[in-house]
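Residue numbers run from 1 in the order of the sequence given.
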Amino acid sequence: MNNNTNRLLIEEFGISDKVLELVDSCEQEIKPLFDELDDIMTYNQYKVLDAFHKNNISDRHFAWNTGYGYDDMGRDATERLFADVFHAEAALVRPIIVNGTHALSLALTGVLRPGDHMIYSTGGPYDTLEETIGIRGKGKGTLMDYGVTYDQVELTSDGSIDFDALAKAIKPETRMVCLQRSTGYGWRKAITIEQIEEWASFVHGINPNLICMVDNCYGEFLHTKEPTDVGADIMAGSLIKNPGGGLALTGGYIAGRENLIENVSYRMTTPGTAGECGLTFGQTRTMLQGLFIAPKTVNGAVKGAVLCAKVFEKLGYDVCPGPSDKRSDIIQAIRLGTAEKVTAFCKGVQEAAPIDANVTPVPIPTGGYEDPVIMAAGAFIQGSSIELSADAPMREPYNVYFQGGLTYEHSKFGVIKALDALGIL
């Protein structure tokens with residue numbers, strides 16, 4: 001960091017010299033790692049641009065529609081574009097999908113039927129999906145309420161998929177095998193594209209009719225390929241994470257095989273209506289522009305995660321993944337060890353935010369989560385995880401999860417402020 005920038009951070013933000021010296025030295029050590037990340041970003045930027053050209057995107061696609069949303073050119077073009085970017089047969093991309101859990105729930109409930117059996121092959125799902133499946137919250141219209149049975153296969157001790165256990169878990173009535181790419185609130189590395197390819201090939205080798213579903217939240221544009229490039233039949237994610245680029249106001253997507261997407265569309269609206277109706281409420285411009293800049297935005301976020309890992313590893317904390325590890329999501333976990341340190345870390349990240357920087361985050365009971373959760377997120381889009389944020393369930397061993405940043409510089413500042421707030425230098 002140049003002297004003018006350091007002077008500004010010292011004089012205007014009160015950052016200590018020791019914090020800046022540590023962060024600057026760590027940044028110099030990891031700069032070679034950034035070259036590969038930049039290459040992935042450039043590839044994805046041109047891939048997205050190519051899809052825009054193929055679909056002849058025009059400003060007419062930004063227009064409003066009303067009522068039922070029949071013949072919404074912008075909606076239809078956006079869904080073709082997403083399908084092309086992800087090399088899928090079809091996609092649903094809608095602002096009426098309220099979050100990533102909703103997108104995933106649609107993918108599950110749209111495909112599975114009473115009597116079907118599903119397996120999660122990466123251990124337990126993200127906390128908020130437990131109630132969709134029925135692990136918690138029975139009687140609320142969960143999959144298990146409707147007669148879908150569930151098993152999960154834990155990962156091996158090194159975080160790999162346990163193929164032997166998975167093979168034993170597959171039954172004649174098994175219809176879907178699921179994989180969560182991101183770490184969620186787990187202490188493991190994200191599942192890589194290479195691992196996803198091996199998993200899909202293994203599952204289809206047992207039975208080609210089995211449906212491979214990937215929770216792709218936080219994983220888009222971390223590689224030159226996506227799960228649907230390497231054998232996934234269907235995947236889902238949130239537009240206020242990676243693919244919205246920080247501009248999409250809300251929404252989610254589901255992409256995959258055309259027949260599966262059609263079934264999901266019946267669940268999203270009604271049988272017979274499917275994807276033919278559904279307003280986009282004038283959001284196609286922000287969704288399309290967000291997708292266009294998403295590769296660059298994701299690049300800044302993942303660089304910030306690498307820097308965060310390097311800084312806290314150097315201070316002796318356990319981090320997952322390590323700074324040199326291959327990345328497959330934007331999340332950086334740090335094992336801080338105490339509730340007080342988690343709170344201080346999140347306070348620092350909140351103070352780094354452009355919005356509500358004066359607010360002090362505290363743990364509170366949060367819908368869909370078993371433990372109180374602390375969330376630091378001063379974002380332009382409420383809950384946007386591609387913007388700088390940090391959160392943690394308040395439970396031992398007190399891991400905190402750092403992610404996002406619309407630019408690398410802002411993500412870096414989040415690291416600086418978190419470190420400064422901990423007061424350990």
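Ring centroids of Y46 and F52 are separated by 6.0 Å or more, keeping the two rings apart.
Between K310 and E27 there is no salt bridge, since no side-chain nitrogen of the basic residue lies less than 4.0 Å from a carboxylate oxygen of the acidic one. Checked for salt-bridge contact, K189 and D329 miss the test: no charged N lies under 4.0 Å from a carboxylate O.
Rounding to the nearest 0.5 Å gives a distance of 13.0 Å between OG1 of T297 and NE2 of H410. Atom CD1 of I234 sits about 12.0 Å away from atom CG of N216, to the nearest 0.5 Å. Taking CD1 of I374 as the reference point, atom SG of C346 lies at 4.5 Å (rounded to 0.5 Å). Put simply, OH on Y266 and CG on L106 are 15.0 Å apart, with the number rounded to the nearest 0.5 Å. Here L108 contributes atom CG and L129 contributes atom CG; the two are 6.5 Å apart, rounded to the nearest 0.5 Å. The structure places CG of L419 at 6.0 Å from CG of L315, a figure rounded to the nearest 0.5 Å.
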Stepwise ring-ring contact (aromatic ring centres under 6.0 Å, His included) check, F312 with F345: CA-CA 12 Å; F312 282 89; F345 185 103; 5.6 Å; yes
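Open room surrounds NZ on K18; 12 or fewer heavy atoms of other groups in view lie less than 6.0 Å from it. Other residues, nucleotides and ligands contribute only 12 or fewer heavy atoms inside 6.0 Å of the CZ atom of R285. Within a 6.0 Å radius of CZ in R257, more than 12 heavy atoms belonging to other residues, nucleotides or ligands are found. Counting non-hydrogen atoms of neighbouring residues, nucleotides and ligands closer than 6.0 angstrom, the NZ atom of K225 reaches no more than 12 such neighbours.
Between Y253 and F82, the ring planes are tilted. Angles from 30° to 60° get that label. Using bins of under 30°, 30° to 60° and over 60° for the plane-to-plane angle, the ring pair Y408/F34 lands in the perpendicular bin.
Contact annotation: the side chain of M213 never approaches that of D233 to less than 4.5 Å [non-hydrogen atoms, C-beta and beyond]. Two residues are said to be in side-chain contact when any heavy atoms from C-beta on lie closer than 4.5 Å; I97 and R94 meet this criterion.
Checked by atom type, the side-chain pair Y401/Q403 shows no donor-acceptor distance below 3.5 Å.
When the side chain to side chain contact (heavy atoms under 4.5 Å, CB included) test is applied to T338, the partners found at least two apart in sequence or on another chain are E340, K341.
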